[in-house]
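Order of listing sets the numbers, starting from 1, for every ligand and every atom in it.
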Amino acid sequence: MTMMNGEDYLKSIQAMKNVVYVNGERVEEFWAHPLLKPAFNSLRLTYDLESNPDMHPELHSLLRAESELTGGTVSRFLKIVTSTEDLIGRMTMQRVLMRYTGGCFGGRCIAGAVINPLWSVTYEVDDESNGATDYHERFKTYMKRVHEKGLTVMGNITDAKGNRSLPPHKQADPDMFVRVVEKRKDGIVVNGAKLQQSGAPFAHELIAVPTTALGPKDADYAVAFAIPADTEGVIFVNDSACANAKFAAMDPEDIGNAAFGMHQSAHVILDHVFVPNERVFLCGEWEATRHLVHRFSDYQRLSSSSCRCGYIDLCMGAAEAMADYNGVGKVAHIRDKLVDMSIDAETLYGLVAGSAAMPEITRSGVALPNTFFVNAAKLYMNDAVLKAGHRLAEIGGGILVTRPSHYDFEIPKVGELLTKYHKGREGVKVEDRIKMARLAESLSGLACLTPILSVIAAGPPATQRLNFRLLTNFERNRKAAERLAGTSE
Ligand SMILES: Cc1cc2nc3c(=O)[nH]c(=O)nc-3n(C[C@H](O)[C@H](O)[C@H](O)COP(=O)(O)OP(=O)(O)OC[C@H]3O[C@@H](n4cnc5c(N)ncnc54)[C@H](O)[C@@H]3O)c2cc1C
């Protein structure tokens, strides 16, 4: 079976009628809008990598897997995960892909977080209903089509939630969680919103599941279903993250990783959307939501933790390059910090690998990552990513945020002077130092200036440590300890 390439994927999205708003305006060609394009590029690239063995042979093979539904090849993002080998394949793919793009491919990776939990939960619900439900067969049929067509399937989990302390049925507005508002012979009508959905407008299909475990009074909210992203009543509203505003305001040449370096999300409003029966995978089975929520949380933690290992790899690479360009590549405190970044990346990866090595196999055969290890990984990742950005800023220097624009380097005479004063060590092109600084700024995640200013301005941390090295009265303290111990010297 031939797989879609990037061009095919672009055409397939162009053929859809998704309703997308950006900054208050309806945007028809949303995939090309500066505030969405880098995120779209990340997804498009996955299709090129899957279909073209020459582009990046390692990723090509990591991104492809065997489909148990068609017998052909399918994107690993869509594969039903049934073994440690599958889980390891998944985590390796995520790390290597992030190291390659430095951008979020959330629109694809979240598929695994809903497909596998739904596969297992629908199996269990049908098993326990003694034939009264056929959700698993429906889901299987649906997934077979998804595999055949190689679709991008977006997992829509997070509800609006309103008052976070109240369950759905106690909310002042009943639509704070997506719910069934009408049951018809041929399907259901759902209403509500799924907020903060990564890459959602670029999906062919949306799969919605409840965001929280539900009780008996919330049965109307216990609904899981799939719809094409351009179904009537579906509205996407793009986020307005300041960090992404640079893509609209600046020349791509002045932005680090302009092609992919963005995380984009959109709010997905489901305004009385009809879902035909064959696309409904849970409807009222509130008891099943506890497993569903637990499983998709763990899957997404496996994905995001693996992906951030690749992110730390990139931060490490940019930090080492900047240190070298600045002429301090071999300095001890810098090598120590690079090693610390590596320790974080490998510890994180080890925790994820542990979760893959000791999976729980569900009745349907789906393998779930070990809960303890994968949650430990996510917690470790939260700090490790922040520390990587901080270390990158500390090693890279103020140039990450103070570099002039490429236009300034083109000003007659001034440009030459800027080039002269932006030199690092001999043998390194100023242009390369500036390019790496742009990437480092973008990767550090500290582009709002104050964090980098705080780390670097008034002297980088190594200079503050130097004061302690020079001024601490080590001799006095040692003598005090020797006196107490009663040693001879
Ligand atoms: C960039 C980005 C991309 C995302 N992508 C996706 C996606 O692709 N798909 C998807 O489904 N979701 C996505 N999310 C949503 C993400 O899963 C949620 O942000 C997360 O679950 C937290 O929900 P919230 O933002 O509504 O925070 P809140 O629920 O408002 O939480 C804020 C704080 O309140 C606390 N809190 C909330 N409720 C309670 C309570 N009952 N008791 C005690 N404390 C409470 C929380 O612990 C937290 O500290 C994304 C989020 C972001 C920021």
Exercise. Under the ring pair (Phe, Tyr, Trp, His ring centres under 6.0 Å) rule, collect the residues that match up with Phe296, sequence neighbours excluded.
Key: none
Quiz item: Is any NZ, NE, NH1 or NH2 atom of the basic residue among Arg363 and Glu128 found under 4.0 Å from an Asp or Glu carboxylate oxygen of the other?
Solution: yes
Quiz item: Relative to each other, are the rings of Phe281 and Tyr142 parallel, tilted or perpendicular (30° and 60° limits)?
Solution: tilted
Quiz item: Hey, which residues fall under 4.0 Å of ligand 1 on heavy atoms?
Solution: Ile110, Met154, Gly155, Ile157, Thr158, Lys161, Arg164, Gln196, Gln197, Ser198, His263
Practice problem: Tell me, please, which residues at least two apart from Lys37 pass side chain to side chain contact (heavy atoms under 4.5 Å, CB included). | Solution: Asn41
Quiz prompt | Passing candidate, salt bridge (Lys or Arg N to Asp or Glu O under 4.0 Å) with Glu50, options Arg76, Arg64, Arg108 | solution = Arg108
Quiz prompt | By ring pair (Phe, Tyr, Trp, His ring centres under 6.0 Å) - contacts of His56 (at least two apart) | solution = Tyr100
